[in-house]
Each structure stands twice: as structure tokens, then as C-alpha cells.
Protein chains: 2
Amino acid sequence: MSTPSSGFPPLTFPRPLVTVDIVMFTVLGDALQVLLVKRPADTDEPFPGKWALPGGFVNIDEDATLLDCALRKLREKTGVVTPYLEQLGSWGGAQRDPRGWSATHCFYALIPAQAMQLRSGANATEVAWFEVDAASRKRLAFDHGELLDAAVARLRGKVEYTSLPAFLLEEPFTLPALQHTYEVVLGRAVDKSAFRKRMLDGGFMEEAGMVTGSLGRPAMSYRLRDRSQAALFPRTFNATK
Amino acid sequence: MSTPSSGFPPLTFPRPLVTVDIVMFTVLGDALQVLLVKRPADTDEPFPGKWALPGGFVNIDEDATLLDCALRKLREKTGVVTPYLEQLGSWGGAQRDPRGWSATHCFYALIPAQAMQLRSGANATEVAWFEVDAASRKRLAFDHGELLDAAVARLRGKVEYTSLPAFLLEEPFTLPALQHTYEVVLGRAVDKSAFRKRMLDGGFMEEAGMVTGSLGRPAMSYRLRDRSQAALFPRTFNATK
DNA sequence: TAAATAGTGTCTGTAAGACAGTATACT
DNA sequence: AGTATACTGTCTTACAGACACTATTTA
């Protein structure tokens, strides 16, 4: 079923195209990475052969809400079922899609690298991870370069005062591993002592046993108390400078 | 003109309804207030006679972007041309509008009470300001209660660490007036000394002459250096407690 | 002068930054 | 023992909270 039979008079004016796009982040090999999808080259769709954010049209029969739509696309591309997923905002206008007035609802997701297996999908689309700086320098399809930059800015901004990077790690994780993740996302070193005090005083983790087996002194591992939201710290990092 | 003739094959699947809604805030009479519009009672549209946020369908011929659409609706209702306007997020799903799958792009705006004249609009719609708590207890049309609560939460959250309340005042304004605005939005008193240090150290205002004429010692008045964005403070208020 | 409002100074508390030091594993 | 990694302690600095104090106007 599609439109009318709601009991209300039909709405006849033209409607915009509606899409959902997702900026999926992970930390892999000491770099913040983002998932991109290559648009098919031999097609009559716009931007053939260009890299783009994963996403697509809302399916009003399949997707109950925008969030459901985002979760579905995320699952299809990475197999991840319960990521950290947050809305970034929406972009809409007459010019951003050559097929007509369109509005996209953009989400961003944080995914532990280990938890994930890439899936090409039914149409064998090419899918790959790129370091965000390299991805940002590419000419992405549509206005996806702008969406990506906004997502990176939002992530970096929130990392200054939240526990978001914990969602980029498999549980349980150690404090040194978490600190490394912060440093990769922020692109700078943070002081170990201040970092540990902040994380432990935050009270958002619980101990999950010692981790041995590697070189050096064993580390305590931790688990998040609440995987549904990030903890907020009372100040940003580097407030001094 | 409406859809095809883009050179791309037509997209035939059904499209959601697309709207823009705006939460307009002002401070009036020691209270944070929000603008609501009464939906016509004798009509075949949904939620007749209910109060709702100002907004409506995107007009793909008139509105170049979502932001333009929001600015147009704001101008139509209040006459304000250059408010503080920020996107709150988007809400979409099959159930929120009985006429079909719909997605709304929600913005919030900060408006100085003095700068504004209410306009009923062409269809003589009833328009009024309500204290946010009272508005939140009403049964608003659609999911507008949810949108309103999200906007209030976002505003209160950002006021803890930004200069946002300055956009609720006509320029120039005095520090006592600004402090009063903070207290109204936050719903609690803030310390005068700490408040003044924070604002003056922020460096986002410039002096605009002494204001005399009322009872008591005259106050220095200030103007914003940059009306396009709010200043960020290094900590939130009340970090101690 | 009194009342009202604007503005300052001083002390304390919290948490971050810097950085040196200690602890516990493996080879 | 030596090295690598995990973790702690101590000193300083930035800034908010509390609250008492001074300053400048009008009635």
C-alpha cells in the first residue's frame, strides 16, 4: 500500500526525495576511519563511480522510523546490530541531488573494528574503510563531503567532554587502549595521569578482570555500565592551553 | 514544474511527506516562552483545534533549502529576519502524521521579545506565546510535545556552557539583564561574581556605553561581537555541586 | 541619608596538566 | 638484570561558587 485511504483529503503537491545517510566510524591501525561505498559505474544514476556515504531512500513500507532505517542500513553494510548511533542532522535543498529536491537525514555510528565484517550487499557494491582525512579530500558524491566533515567535527567536539571513544572498542577494554583511542580520534596526545583520573572518577565503567599475556605489566580491563549513552565530563580536555 | 526532466530515470516509489517545524523561544515576564499556533477547528486536516508548533510542508518551488524554509516560516509568524536559528534534528516515521509516512526537520530559534510582532498570517490563524512548562503539559498536535521537550532540553543544556541567552535580548544589553535571562532559562539563580567573570573573560561582547535612567547605579551595556554563533565556555555552570 | 542597583575582592574547592616516580609482568 | 608496559603521587594552574564588600545613582 502507498498513499491515500487515510480518511483525509489527498495531498497533491510534489514531495521531496527522502534519504538516510550514515557516517560509520571505526579506529583501525592508529587512524580514525570511515566507511564509504562506491556507486556503480555503469548506471544511469547520478555520480557513477564516485565514493559516497552508505545510505539510500527511505522505504516507507519497510522502515517504521528514520532510526530503524539507519539501523537497517548499518546492519546491511557491517553486520553490526547494536552500535552507538546518533543523529547528526539533516540537509535538504533543491540542488543536492540532480534528480530533484531532496532531504537527507544523516546519522553517525561508532563501531569497534573487531566486531565488524564488511558486506558487499546484494548488488556486490564496493565497500571500504578510509582514513577520514583521505576520505575528506576525495570528491564524494552529492554533498557527502560536507556531511562527513560535519560528522568528524561533531565527533571530535564531543570526544573532548564525553566517553564516546569507549564505543569504538570491544569490551572489555583497558585504560591504555581507551587512551590510545582518544588520542587517535583527537589527533594529539593526552596526559596519562589526568586521563586515568577523569575516566575512573567518571564512574561509567566497571572492572572486568586483569588482562595478561602481552609484554609488560598486566592491565585492568573495564566494561561500560550503560551502553545506551556516553558519560559527560565536567570540563573539556586541554582547558589550560 | 515538479519532478522529472532531470535526465535521470523517474523515481516511482512513494515518497514521505516532508515538513519543517520551528520551536521559537523568547523570554517574557520572567518566563521562558514558546510560540504555538492553533490548528483550524473546522477543517478536514488532522488535529483540528489543537495547538502545534509553527511549521508546515516544504515547498519545493519556493524553498531553496531547509534553512530557507525555516527562516521563511519564522518571518511569517514573528516578522523577525535575523534570529539565532539552529537545527534540532529530524523526526520521521509511519505513525506521526495520520496522512502518511512523514519526516519533519525541526529547528529552534531565539528571539528578543522586543524585536517581535506576532502575525496571524493569511488564514488568520490563532498564534500565542506560552510558558514552556504549560506548553509542555498541553496535548500538542502530532509529536510536537516531543519536539518541544527536546528543544527545551537542548536549550537548557547548551545554556550551561554557551552564551546563547544573549540572543534572547535586544542589543545593547547590560550584564544584570543577561544574568536574569540565564536564570529564567535555567530556572535557578547563578552567582553574580562568577557570572560576570565568565561573561567578561569570554571576550564575546564589546562595551556599548553606560545605561542610565533607571533606579540605582548605571550599568555598562554590551553588544555581541559576532551574532552568527554563540561563545563556548570552558566549563559548565555549577560544576561544583 | 536611605534604598536600590552595579560592580569588585578574597577565599575555597574541583579537576586538569606536567612530570617524576613506583609496580609488575616477560625475556 | 633489563625492558616494556601499567599505574600512582605531588605540585601547579584555571576557573567556578560563596559571600562580603565597595561604588554610583535616584528619591
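All values reported here derive from a predicted model rather than from experimental measurement. Proteins come first, then strands; the chains are lettered A, B, ... in the order of their sequence lines, and each starts at number 1.
Applying the side chain to side chain contact (heavy atoms under 4.5 Å, CB included) test between B/Leu155 and each of B/Leu186, B/Val132, B/Val185 identifies B/Val185 as the sole match. Residue B/Phe167 forms a side chain to side chain contact (heavy atoms under 4.5 Å, CB included) with just one option from B/Ile111, B/Thr181, B/Leu110, B/Leu85, and that option is B/Leu110.
Checked against D/dT26, D/dT5, C/dA6, the side chain of B/Pro176 finds its nearest nucleotide in C/dA6. When distances run from any side-chain atom of A/Arg235 to the nucleotides C/dA16, D/dA16, D/dA6, the shortest one goes to C/dA16.
Whole-Å rounding puts the B/Met210 CE to C/dT5 P distance at 16 Å. Rounded to whole Å, atom P of D/dA16 lies 15 Å from atom OH of B/Tyr161. Note: CE (A/Met199) to C1' (D/dA6) measures 16 Å, nearest angstrom. In this structure, the CD atom of A/Glu160 is 18 Å from the P atom of C/dA15, given to the nearest Å. A/Leu232 has its CG atom 17 Å from the C1' atom of C/dA16, to the nearest Å. Between A/Gln179 atom CD and C/dA16 atom C1' the separation is 14 Å, expressed in whole Å.
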Expected rows: protein N/O vs nucleotides 8-12 of chain C N/O, under 3.5 Å:
residue : atom : partner  : partner atom : Å
C/dG9   : O6   : B/Ser193 : OG           : 2.4

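Each of B/Phe233 and B/Pro218 was matched to the nucleotide of DNA chain D holding its nearest heavy atom; the match closer to the 5' end belongs to B/Phe233. Residues B/Gly216 and B/Met220 each lie close to DNA chain C; by heavy-atom proximity, the contact nearer the 5' end of the strand is made by B/Gly216. Position along DNA chain D of the nearest nucleotide to A/Ser214 versus B/Leu215 favours A/Ser214 as the more 5'-ward residue.
A cation-pi contact, defined as under 6.0 Å to the ring centre and within 45° of the axis, is absent between B/Arg137 and B/Phe130.
The NE2 atom of A/His144 sits 10.5 Å away from the CH2 atom of A/Trp91 when rounded to the nearest 0.5 Å.
Ring planes of B/Tyr161 and A/Tyr161: tilted class, angle from 30 to 60°. Using the six-membered ring where Trp is involved, B/Phe237 and B/Tyr182 have ring planes that are perpendicular, over 60° apart on the 30 and 60° scheme.
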